[in-house]
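Data first, discussion second: the structure below is written as C-alpha cells.
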Protein chains: 2
Amino acid sequence: MKRDVFQAIADPTRRAIIALIAMQAMTPNAIAEHFDTSRQAVSKHLRILAECEVISQEQRGREIYYQLEVDKMREIDEWLEQYRRIWETRYEQLDEVLEVMKMRKPAEMQKPAR
Amino acid sequence: MKRDVFQAIADPTRRAIIALIAMQAMTPNAIAEHFDTSRQAVSKHLRILAECEVISQEQRGREIYYQLEVDKMREIDEWLEQYRRIWETRYEQLDEVLEVMKMRKPAEMQKPAR
DNA sequence: CAAGTATGCAACCAATCGGTTGCATATGTC
DNA sequence: GACATATGCAACCGATTGGTTGCATACTTG
C-alpha cells in the first residue's frame, strides 16, 4: 500500500508522536508511555510514519530510537506554498480596500467580493 | 463525527478539488467533470471539505458554487510553524559546520549528526 | 546459558472510508 | 404545468484503519 505524508499526519495520535520526538529521538516504549493505547498500537503508527519517511530509526543495542525527519515536513510546506500565495495576495487586496475606504464616507462602503 | 483539516487534506481527490477551486469557485458538476468518479462521490468529498470548513458554498439559483476558504489552509501553516523553526535552525547549524570545515583539512571532516 | 527486556509481526475485530446506484428535491425553461 | 437540470441524501459494499491480544525474535545481564 502506498501512503504519503498527508495520510501520515491525518491521525491525531501520529501528529502527537511527531510533536513528541521532534526535539529528541525516543524509543517506542518511551513514546507509548505518553499515550493510553497499547505499545503495539504505537508501534503500528511508528511503522506508518517510517513508511512515509516522516521518521527514521536508529538501532542502539536492543533499543530503537525514532526521530523526526524534518525535511519531510517541508514537503507539506511546499504543498502549502501555492495557497500561501493566495492568502497573501488576498490580504494585500484587503489592505488596498481598507485604504480606499478611508477616503470615502461610510455610506459608500461596499461589501468586498471576498 | 468530528473531522479536522488534516483529515480533509488526507485524500488525494480532495487535495485535487482544493487545487481546482482555489482560484475560482465552481459547481459540483463542473468539479466532477475533472474526475473519473461519479458526481455523487465528488459531492461526498465536498460535504467533508465543507464540514471541515475548508470550503464554503454560495447558492446561486439552482447552482451551488464552492470556493476555497484559504484561511483554513493557514491553520495547517500554523501547525507547521513549530517544525519550520526546527528545520531553519538545523540549516543554520549546518551552515556553521560547513563554515568550520572550511578551515580544516578534508581528512578531519566529520559526518554531520544528520 | 537462563531470565528479563525491547521490539516487531500476525491474526482478529469493529468502525470508517470512498465508491457505487437509486431516489428525492428544488430551480429553471418551454 | 411539464420537463430538464443541479444537487443532496440514503442504502449498500468492499477495502482500509486503528485498535486489540498473543507470540516470535533479538539483545542485555546475571
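Just so you know, these numbers use all the heavy atoms, side chains as well, and skip hydrogens, waters and symmetry mates. Proteins come first, then strands; the chains are lettered A, B, ... in the order of their sequence lines, and each starts at number 1.
Evaluation of the ring pair (Phe, Tyr, Trp, His ring centres under 6.0 Å) rule for B:F6 yields B:W79 as partners, not counting sequence neighbours.
Using a 4.0 Å cutoff on non-hydrogen atoms, the parts of residues 5-15 of chain B near DNA chain C are B:Q7, B:D11, B:T13, B:R14, ordered by number. Against DNA chain C, the stretch residues 54-62 of chain B makes heavy-atom approaches under 4.0 Å through B:G61, B:R62. Near DNA chain C, defined here as any heavy-atom distance below 4.0 Å, the residues from residues 26-39 of chain B are B:T37, B:S38, listed numerically.
How far CD of A:Q67 is from CD of A:Q57: 10.5 Å, rounded to the nearest 0.5 Å.
Atom CG in A:L46 sits roughly 11 Å away from atom C1' in C:dG8 (whole-Å rounding). Distance CG (B:L49) to C1' (C:dC17): 14 Å, rounded to an integer number of Å. Atoms CD1 (A:I64) and C1' (D:dT28) sit 15 Å apart, rounded to a whole Å.
Checked for salt-bridge contact, B:R85 and B:E88 miss the test: no charged N lies under 4.0 Å from a carboxylate O. Comment: B:R74 does not engage B:E78 in a salt bridge, judged by the lack of any side-chain N to carboxylate O separation of less than 4.0 angstrom. We find that B:R15 and A:D4 are joined by a salt bridge, their nearest charged nitrogen and carboxylate oxygen being less than 4.0 Å apart.
Checking side-chain atoms of A:Q59 against main-chain N and O of A:G61 turns up a donor-acceptor pair under 3.5 Å.
Checked options B:L49, B:L46, B:T27, B:V54; the residue passing with B:Y66 is B:L46 (criterion: side-chain contact (heavy atoms from CB on, under 4.5 Å)).
Between the side chain of A:K44 and the base of D:dG19, at least one donor-acceptor pair of N or O atoms lies under 3.5 Å.
Phosphate contact (OP1/OP2 of C:dG19, side-chain N/O of B:H45, threshold under 4.0 Å): present. Checking the phosphate oxygens (OP1, OP2) of D:dG8, a side-chain nitrogen or oxygen of B:Y66 falls inside 4.0 Å. Taking 4.0 angstrom as the limit, A:S43 places a side-chain polar atom (N or O) nearer than this to OP1 or OP2 of C:dG8.
Of the candidate nucleotides D:dG18, C:dC17, C:dG19, C:dC17 has the atom lying nearest to any side-chain atom of B:R3.
In this structure, B:R47 and A:Q40 both approach DNA chain D, and ranking their closest nucleotides by distance from the 5' end singles out B:R47.
Listed by first then second residue, pairs satisfying salt bridge (Lys or Arg N to Asp or Glu O under 4.0 Å) with a partner in residues 26-43 of chain A number zero, not counting sequence neighbours. Among residue pairs with one or both ends in residues 17-42 of chain A, none qualify as ring pair (Phe, Tyr, Trp, His ring centres under 6.0 Å); sequence neighbours excluded.
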task: Take B:L68 and A:Y83 through the side-chain contact (heavy atoms from CB on, under 4.5 Å) test and state the conclusion after the steps.
output: CA-CA 10 Å; B:L68 183 62; A:Y83 304 109; 3.7 Å; yes

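A 4.5 Å side-chain heavy-atom check between B:R84 and B:D77 finds at least one atom pair inside the cut-off.
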